[in-house]
Protein chains: 2
Amino acid sequence: MARNKPNDESYSSEQPLINRAIEILYGKWRLPIILLLGQKTLRYTELKDQLPSVSDRVLAKDLRALTTLGVVQRKVYAEVPPRVEYTLTERGRLALPIFIQLKEIGRIFSTSSDDHFN
Amino acid sequence: MARNKPNDESYSSEQPLINRAIEILYGKWRLPIILLLGQKTLRYTELKDQLPSVSDRVLAKDLRALTTLGVVQRKVYAEVPPRVEYTLTERGRLALPIFIQLKEIGRIFSTSSDDHFN
DNA sequence: CTGTATCCGAATGGATACTG
DNA sequence: CAGTATCCATTCGGATACAG
């Protein structure tokens, strides 16, 4: 029972982890948002100002998604005008060094071909 | 001229790198493919067998994209039946440790919420 | 200030059938 | 064996207008 299939088993057991990682990074703005919040807590508008070409729709959507995923913490202050601050969660800060490492990947492949992404 | 905008400059200089990294990982199957090829050279069908739910269309498309990006090397043998082997490029192998690190991110966030991705 | 609602074109990813 | 061609539903991301 539980016969060992050639080399499938070890991979498939890791696939949920891989999917989770990809899910967190899925979209043009997830990593940029994470890296900015890794430097400091930012308000919605501050984030928007530093990501000049992101639309409100996408920014709000990604912030909600990252909050749900446990990467980002959303803090609302009952003030007028309203103030909302975004910070990395503890887990987010724990994972931050790895997110930062991803820039190294960009560096490694930055001269290999034209930029198809933007 | 070239007035320094508050704290935009340091980030925007890194954005191309970030975009490149995201581009490489863009799609459900890019990272899984890279990690499998990081273990060993594989033929098209072997890859397909280890990624049971990927379609031919997507697999072929991602392999082409990763080849163009300089991550994966495609090697065709003039045999009958045809044989095509996929390997990581030198750069791909250089970046492999970072790709592997991404599984750690999956681990960090794996208990935070339901799996929305698959 | 911090979003949501709506519209739209483009890209994604799966299914199926077919080819050299 | 290693794909390509076609079709299709869903999602993505940008633009704009509006709201609490």
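Below, each value reflects all heavy atoms present in this structure, side chains not excepted, and no hydrogens, waters or symmetry copies. Chain letters run A, B, ... following the sequence lines, proteins first and then strands; every chain starts at 1.
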side-chain N/O B/Tyr44 vs D/dT4 OP1/OP2, d < 4.0 Å: no
B/Trp29, nearest nucleotide to its side chain (from D/dA15, C/dG13, C/dG14): C/dG14
Presence of A/Ser55 side-chain N/O under 4.0 Å of D/dG13 phosphate oxygens OP1/OP2: no
B/Lys61 NZ - D/dA5 P separation (whole Å): 14 Å
Separation of atom CD in B/Glu23 from atom C1' in C/dT12, rounded to whole Å: 15 Å
Closest nucleotide among D/dC12, C/dC1, D/dC1 to the B/Arg43 side chain: D/dC1
Closest heavy-atom pair and its distance - A/Leu51, A/Pro32: CD2-CB, 3.9 Å
A/Lys48 side chain near C/dC1 phosphate (N/O to OP1/OP2, under 4.0 Å): no
Cationic tip of A/Arg20 above B/Phe109 ring, under 6.0 Å, 45° of axis: no
Nearest-Å distance for atom pair CG/P, residues B/Asn19 and D/dC12: 18 Å
Whether A/Thr67 side chain and A/Gln73 backbone form a donor-acceptor pair below 3.5 Å: no
Length of the CG-C1' vector between B/Asp56 and D/dA5, whole Å: 12 Å
Closest-nucleotide ordering on DNA chain C, the 5'-leading residue of A/Arg83 and A/Arg57: A/Arg83
Sugar-phosphate, base or nothing in reach of B/Tyr86, heavy atoms under 4.0 Å: sugar-phosphate
Selected nucleotide, minimal atom distance to B/Tyr26 side chain, candidates C/dT12, C/dA15, D/dA2: C/dT12
Spacing of A/Leu51 atom CG relative to C/dG3 atom P, expressed in whole Å: 14 Å
Ionic contact status for A/Glu85 with A/Arg83, cut-off 4.0 Å: yes
Nearest-angstrom distance from the residue atom CG of A/Leu59 to C1' of C/dT2: 10 Å
Spacing between A/Ile22 atom CD1 and D/dT11 atom C1', to the nearest angstrom: 17 Å
Interatomic distance where CG belongs to A/Asp62 and C1' belongs to D/dG14 [whole Å]: 13 Å
Closest-nucleotide 5' rank along DNA chain C - winner of A/Pro82 and A/Arg64: A/Pro82
Parallel, tilted or perpendicular: rings of A/Tyr26 and B/Tyr26 (30°, 60°): parallel
